[in-house]
Structures are given as structure tokens and as C-alpha cells.
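The structure under discussion appears below in the form of C-alpha cells.
A, B, ... follow the sequence lines: proteins, then strands. Residue 1 opens every chain. All values below were derived from every heavy atom in this structure, side-chain atoms included, with hydrogens, water molecules and symmetry-related copies excluded.
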Amino acid sequence: MEQMDDIFSGLNDRQSEAVRNVDGPCLVIAGAGSGKTRVLTYRIAYLLSLGVPAYNILALTFTNKAAAEMKERISRLVGEDVARNLKMGTFHSIFAKILRMESAALPGYDSNFTILDTDDVKKQITQIITSLNLDKDTYKASKIASIISKAKNDMILSENYEGSSMWQLDRMNGMPAVASVYKEYSQTCRKTNSMDFDDLLLLTKLLFSMNPAVLEKYQRLFRYILVDEYQDTNSCQYQIIRMLAHPDNNLCVVGDDAQSIYSFRGAKIENILNFSKDYPSYKLFKLEQNYRSTQMIVNAANSLIMKNKRQIPKKTFSEQECGEKIKIVETPTDAEEGIRVATMISSLIDNGEQYSDCAILYRTNAQSRILEEAMHKKRIPCKIVKGMSFFQRKEIKDLVSYVRVIINPQDELALMRIINYPARSIGSTTVEKLTTLAKNYNLGLWDVMCQVERTGSLFPTATKTKILGFVALMQEFMASRQEADAYSLLNRIVEKIGIREALQKEYTHEEAHEREQNILELLNGAKEFVEDELDPESIYLHNYMEKIALLTDIDEEDTENPNKVLLMTVHAAKGLEFKHCFIVGMEENLFPSLQVDSASEREMEEERRLFYVALTRAKQTVTISYALTRRKWGDLIASAPSRFLSELDEEYVDGLKKMSRFDADTQSFGDYSARQGGFSSYGTQRRGQTSFGEHNSFRSGGSFGQYGASKPQQFSSPTRNTGFSSAPEKPFAHYGENTQKQQQPQTIIPSNPNDIAVGQRVLHAKFGVGTVKEKMGEDANMAVIIAFNNWGEKKLLLKFAKLQIVEN
DNA sequence: TATAATGCCGCATGG
DNA sequence: CGGCATTATA
């Protein structure tokens, strides 16, 4: 216990209470940078010190990174020997292990099931859509995949899908056959002994709810449960936790509702908001002191997040230095934005900072390329985190597919991938015949291949020989998978199938070399895995596969120069911290994303939380930038500053005032377009998105004043420099109305703009009724300032505003 | 059957 | 623009 006293001396009072309170339900609201991981690890150490066996403690995280960090920190506290026995890992990995153990209770599955990644799922669904003769334009695989995923997150099984509200929605959207695709997909998964990521959760939920004895076994095993990032749990995870914690409810959930950013994959912020209802005897601990960021950053972030209505009240604060104000930077183009950021980083370096002190955060991965280019231009070493995941690379997927088939021969996605790669003359006609046979005899593709001798004269002898040769090759691997360790077997596979030779043939020298390096890296990973594994029973290929199936990236920092600027999405940055953060692309239709429905408060609040996450990654400085124009699919489009910028309290921000107003008088936007010269060229218009060119239109939502109508708009005037209204004098003066009233768009019969006069009462689709205060500019640039009842004064361009004169 | 050429479509966010 | 799937051609 003396050791424990030391531990407590490193904690503040709140943290210490949260650590000591081990019995019963407990909710720890951990603000950004408040020492969340510290509390979790110390709590586990404390439990161990009380005599709770390690194997009785279950700790669930969302990311491998978080799990690894926690493992390491606990090992340091209690030693590796003890820490090894903790049940700690991501939801997906822990549940996958349980499902393998209990596969006997899962109809259709055995313990060797394959875990499908998103690409596999899409491929599988594409096949099903084709086989059901559905129109692949109406039924887009990615869309269907996300519908099915959503159904699974909401625990709607394929057999119950028909008649559900989702099914009704499909019908309204002209996709009544999603139900059949879902059914067929589930059957295929079972037939091929495969599960997707959602199944790992859903099937665990089903396993427990349908097998009380199994559930009880795990309830007894997991006597103390800790859940990290509870605000990101979905319905499935929530239910499983609830079941497992029963009846003692020694459940400690840690999270921050202000950082809930995963609703797109089913996370329900209600889970954390309603914890008190689910567990009335719960204890609440709020960690509100931020040890990471300057006061300026914490205050600015608070000023933003207070705009969200749905949240647990808390006041985070910092006792660090006051710090510099947040800087806002405007550039004419996205390319220049990158250069500006690079220049700023260079001057930080000149002042003695390290590259690794800096991170560039963006909303979408698509932004990474141009930033990377800018870094290269300015000779700044950088690394894109998760640009393309290691395991997504073609050569790795190919090799992994061999492993998948060796472990699970029913895995047809993998089998199809490798059946003729590297080329072995089993072409598409042959494969087609084989799949037809499989269908007719209701067998797996692999089974048919094994029995190809019995197919009479269907195949030429040469073809039969090829097939049998492949079968023999694979069987040889299968036979040794319990004997040879993962590394030696993988090595043998690489040699025998001749994948390196195939790469040499396929690609140029350099590219082939790079791809070979990736293969070698996978081999190295396997070698490390085998060497590090202490349990001699867990060094086999399926053990390694289990590990990598749930990995999305590989750590390669150890050997390389770690002093690099990191580029990543805000989502990827969650949980990390950097001395200097550059948040780029802070524009309407990018951040907040184009995809979010401006009218949906729920979605907008999540975007705001995402911005909050971005801000709170920084320890010392935050620089936010946006570009006035941006290339998308090669087309130039206009952007307006993000509405979130105006939501930051001016007190903590530099540059808010200087932001581009685009108003008629300054001609600022016109200047840019002239200088860029790009606007006058002809672009193409696709799918309702407009680019500069034939319509000289732009899809920006306009400025703060107009953001209610921020979806891409099409304007038909050749002048574009005045397409934005000016920012309101007091950006937040009318905030309350903005978020609280979801006004129904009103039907507007636009009056002749020439009839609009000062003093007149007018109706606007978004802003409702207001009085015309001032009329300015001339002709096409004619603008009016209108005082709206609920939205304050707005400056609108007459030709776009669609105003209806209201008779008094 | 293998490779080159063309065409289409995508940009959320991730385990 | 760039990746991937389908088609054209040898």
C-alpha cells in the first residue's frame, strides 16, 4: 500500500476520488487533457493492489493506440507479468476473441472465421447486387454497405429488416431491395465463415442475449469493467456492457460528451448523457482541470462548445500560462494555404521548435495531398498519418488473402483474389465455371476446386492440372499452419507463390521495389510478433492474423526519423496532443462538412465537437486557416470561412476582424479571381455540384450571415465578387435563435427586386420577416441590409436573396 | 487469356 | 485529379 500512496500523490483530488471509488457504477467526465488515461491506469493499479486478480478486470478502448498506451502505462505501474493477464483491448479485439472461443454457439461459424474489412464488405455487396440483377447505379455498393452497417449498429437483423423503419425509408428512396441484399449478405457471410466489423459487436450481443450460460460465465469473469471513450459507444456496445456488468455493476465509464465525434458509425451520445438514468446509484466525477493547453486555448474551446445545447454541464479550466491568442489566416487558394502553413512552421523551427512539435489537422483525408506537397516544397519533413493504411495496399492484401484462405478456406473473397494471382493460368472462364458449379451443388468454391477431378470433361486437362496444383499448394500451407510459426510460414508462402517476381513483372523497378519493401515489412512484423510472443501456443499464423485483421495501421516510427510534422484528420488526432496545431481548411462545406445537413442541429453539434477536439489537441498555439478557393476533382470552387470561426469568442482570437467579407465595396473576392485567372476557364458541372466555368457559379454557402442556406448554391451571374454578404457586427449576438429555432423553410414568392425599398417589410426563406434598413451598390451588386426579427441584421445581395414583400 | 485503353465515379470521419 | 472496373484489342 505504500506504493499506492505514492500513486495517489501524483493525482489531483478529483482524479484520486475517481480512482478510489471502485465499487458500483461510476461515471468519469474527463475533459480534454484532464488526465483521463492516468485515472484509468491508476484505477486498474489500485484494483490490483486491493487483491483483485488481473484476469477479473476488463478494460475496453476504441483504438489500438489507446489500448497499447494503457497497457504500457500499467506495465510500468504494476509490472508486465501482472499486466499481461488483464483483459484489455479494443471492443473489436476482445469481442473477436470471445466469439472465437464461443463459436460453437454461433450457427454457421467456426473459430477460424475471417474478419472482413470495409473493402471486402463492399466487394461482397457488389457481387450480391450483381447476382440479384439489381441496377448498380440505384444500388451503390458503398451506400448499401453503410445502410447495412447502420442496421447492424441498431441491432436490426437481416431477417427483421423487412418492415423496419429503415426498410420503409429504403422504399421511399427507391431501393426496396436493400432488404434482400442484406439477407443475402448475411447468408454469404455465414457460408464463407466471415464477419465484418459490425458483426463482431452484433454477434457478441446476440451470443450473450441468447446464451444465458455463456453470458454468466463472462459476467463472473469480468468482475470489474472499465470503458474508455464511453461517449463513442453504439447501441450494441452499450447493451453488451450493460449485460456484462450485471448484476454487480462494477462499471466505470470514462468519457467526454464534448468529444463525441463518431455518430456516423452509430455512436450514441445519449449513452453517456443518460448514464445517470441507467445506473441511478452511480457516482459522478468531473475532471475539469486541463493540464495540456494554455488558458487561451481552453477558453477559446469553451467559448465554442458552449454553443452546443446537448451536453453535461462542466467548466474546464487551465492553470497553465495564459498563452497566445488563436491565429486566423486567410489565403486565396488551398495551395497557398499549404505554403503559408509551411512558412509558419519554418519560422517555428527557426525559433528552436522541433518539427515533431507541429501537427496539421484537417477534416478530410483528401486535403492531405496538397499539404504534403507544400511541405515538400518548403523542405519540411512530414508524415501523413493513415493516408492509406498499410493493410489496404494491394500487395499486402494479396499476401494476406493467402493467409486468410489457409486459415479459412471458405473465405471466397480472399480465394477469388488469389486464385490467379500471381498468374497461374486459371482465368475468368475457368473461375466462372467453378463458381457456377459451386452454386449448382451448393458447395463452397474451395470444395469444388478440391473435387475438380469429378467434373468429367468440363475443364481441359491442362486447366484441371492447374487447379489441382493450386489446391495442393494451399493444402501444403494449411498442413503446416499448426507446426510452423507465423514468420516462417509466411516466408515460405512469399517464396512459393512467387509474389516478388510477380511484382517485378507488373511494375517499374522503383514501384516494384517499394511494394517488395512492404512485403518485407509484413514479414518483419510477423517476425517481431513471433519473437515477442511469450506463449509458445500463440505464435502461429492464425494468431498473427487475428492481430493484424483489426489493425488499421502499422507503427513504423521506431526506425525512421521521428522528427516530422504530422498530418492527419481531426478524427485521427483524437487523444493526441501537439505543441503547435494548425487546423486547416476551416471553411463552410468542408468544416462543417458538405455532407452535414445544416438544418440538423444534431449533426451540426457533432461538427462543432469535432472542431472542439481539434482545438484541444494543442498545448501552446493554435493557427487556423482557410482558403477562399479550393480545388476539388480538379475544379476550382469558392469557399467561405467556416461558421465556427465566428463562434469563437473574439477575446481569444487574432484575425477574426480581418477575415474576408467579400463585400461589394472591397472587391476582395474579385481581386482573387482576377489574379488566379482560373475562374474564367470552363469547368464541368457534375452531379449538381457547380464549379467555376459555364455558370460562373460557386457552391459556397456565403458568409456568416447567410449560412442558414449553406448548401451548394448555383448563381447565374457572371459577377461573383459579391456573392457573400458581410459578417454581422456582433457575430454571436443572435446565436441563441440560430440554434434553437429550426425554422421551416417558408414558401417565398419573390417580388421584383426593383420594388424592394428602404423601410419595407420583407420575407426571406431562411431568416423570416425583417425590415429593409439600407440599400447599397448598384445593378447586379445591389445589396440590402435587413434587420430580421430573429437573426439580427444581415447584408444580402438583392439578386440572390429572393425576398418577398410583406404587406403591412 | 493478358494487357492496354477507356470510362466512371468519388470527398467524410474509422475499427 | 486518380483509382478501379469494364471494355477493346492482340
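- If you take CD1 of A:I129 and P of C:dA5, they are 14 Å apart, rounded to a whole angstrom.
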Please write out each protein N/O paired with an N/O of nucleotides 6-9 of chain C under 3.5 Å, distance rounded to 0.1 Å.
none

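- Checking B:dG14, B:dC11, B:dG15 against the side-chain heavy atoms of A:Q595 singles out B:dC11 as nearest.
- Within the structure, a side-chain polar atom (N or O) of A:R369 is placed less than 4.0 Å from OP1 or OP2 of C:dG2.
- A:T430 comes within 4.0 angstrom of the backbone, heavy atoms only, and of no base.
- The only member of A:Y238, A:F62, A:Y230 that meets ring-ring contact (aromatic ring centres under 6.0 Å, His included) when paired with A:F91 is A:F62.
- Judged purely by distance below 3.5 Å, without hydrogens or angles, the side chains of A:T233 and A:N271 pair a donor atom with an acceptor atom.
- If you find the closest nucleotide of DNA chain B to A:R265 and to A:K122, the one lying nearer the 5' end belongs to A:K122.
- The phosphate of B:dG15 (OP1 or OP2) has no side-chain N or O of A:N234 nearer than 4.0 angstrom.
- Residue ring and nucleobase are stacked for A:F264 and B:dT13, with a centre distance beneath 5.5 angstrom and an angle between planes beneath 30°.
- Across all strands, A:D137 comes closer than 4.0 Å only to sugar-phosphate atoms, never to a base (heavy-atom distances).
- For A:I370 and B:dC11, the CD1 to P distance is 18 Å, given to the nearest whole Å.
- Side chains of A:D597 and A:S600: a donor-acceptor N/O pair is absent below 3.5 angstrom, by distance only.
- A distance of 6.0 Å or more separates the ring centres of A:Y362 and A:H571.
- Between the NZ atom of A:K394 and the C1' atom of C:dG3 there is a distance of 13 Å, rounded to whole Å.
- Residues A:T61 and A:D228 bring no donor and acceptor atom of their side chains to less than 3.5 Å of each other.
- DNA chain B contains the following stems of three or more consecutive Watson-Crick or G-U pairs, with both distances under 3.5 Å: B:1-10 with C:1-10.
- Contacts of A:F62 with the nucleic acid, taken as non-hydrogen atoms under 4.0 Å apart, involve only primed sugar atoms and P, OP1 or OP2.
- As a whole-Å value, the separation of A:W633 CH2 from C:dG3 P is 15 Å.
- For NZ of A:K464, the number of neighbouring non-hydrogen atoms (other residues, nucleotides, ligands) closer than 6.0 Å is greater than 12.
- By the neighbour-count criterion of 12 heavy atoms within 6.0 Å, atom NZ of A:K150 is sparsely surrounded, having that number or fewer from other residues, nucleotides or ligands.
- Within 4.0 Å of A:S93, counting heavy atoms only, lies no atom of the nucleic acid at all.
- The shortest heavy-atom contact between A:R310 and A:I269 is NH2-CG2, 2.9 Å.
- At the heavy-atom level, A:N420 lies under 4.0 Å from the strands shown only through sugar-phosphate atoms.
- Geometrically, A:R100 engages A:F113 in a cation-pi contact, judged by NZ or CZ lying under 6.0 Å from the ring centre and within 45° of the ring axis.
- Taking the ring centre of A:Y612 as origin, the terminal cationic atom of A:R609 falls outside the region bounded by 6.0 Å and 45° from the ring axis.
- Using a 4.0 Å heavy-atom criterion, one finds that A:D117 contacts no nucleic acid atom at all.
- Here the C1' atom of nucleotide B:dG15 and the CD1 atom of A:I240 are 14 Å apart, to the nearest Å.
- No donor-acceptor contact under 3.5 Å links the side chain of A:N64 to the base of B:dG15.
- Between the P atom of B:dG10 and the NZ atom of A:K143 lies a distance of 12 Å, rounded to the nearest Å.
- As judged by a 4.0 angstrom heavy-atom cut-off over every strand, A:E607 is placed among the base-contacting residues.
- We find that CD of A:E229 is positioned 19 Å from P of B:dT13, with the value rounded to whole Å.
- Listed nucleotides B:dG10, B:dT13, B:dG15 differ in distance to A:T63; the shortest reach to its side chain belongs to B:dG15.
- Closest contact between the side chain of A:A423 and the listed nucleotides B:dA12, B:dA2, B:dG14 involves B:dA2.
- One can place OH of A:Y262 at 6 Å from P of B:dG15, the figure rounded to the nearest angstrom.
- A residue-by-residue look at A:L590 and A:G427 shows that A:G427 has its nearest nucleotide of DNA chain B further toward the 5' end.
- Among the nucleotides B:dC11, B:dG14, B:dA12, the one closest to the side chain of A:A366 is B:dC11.
- Among the nucleotides B:dA12, B:dG10, B:dT13, the one closest to any side-chain atom of A:T569 is B:dT13.
- Remark: the A:Q239 side chain and the A:Q237 side chain contain no N/O donor-acceptor pair separated by less than 3.5 Å.
- Residue A:K65 has no polar side-chain atom (N or O) positioned under 4.0 Å from OP1 or OP2 of B:dG15.
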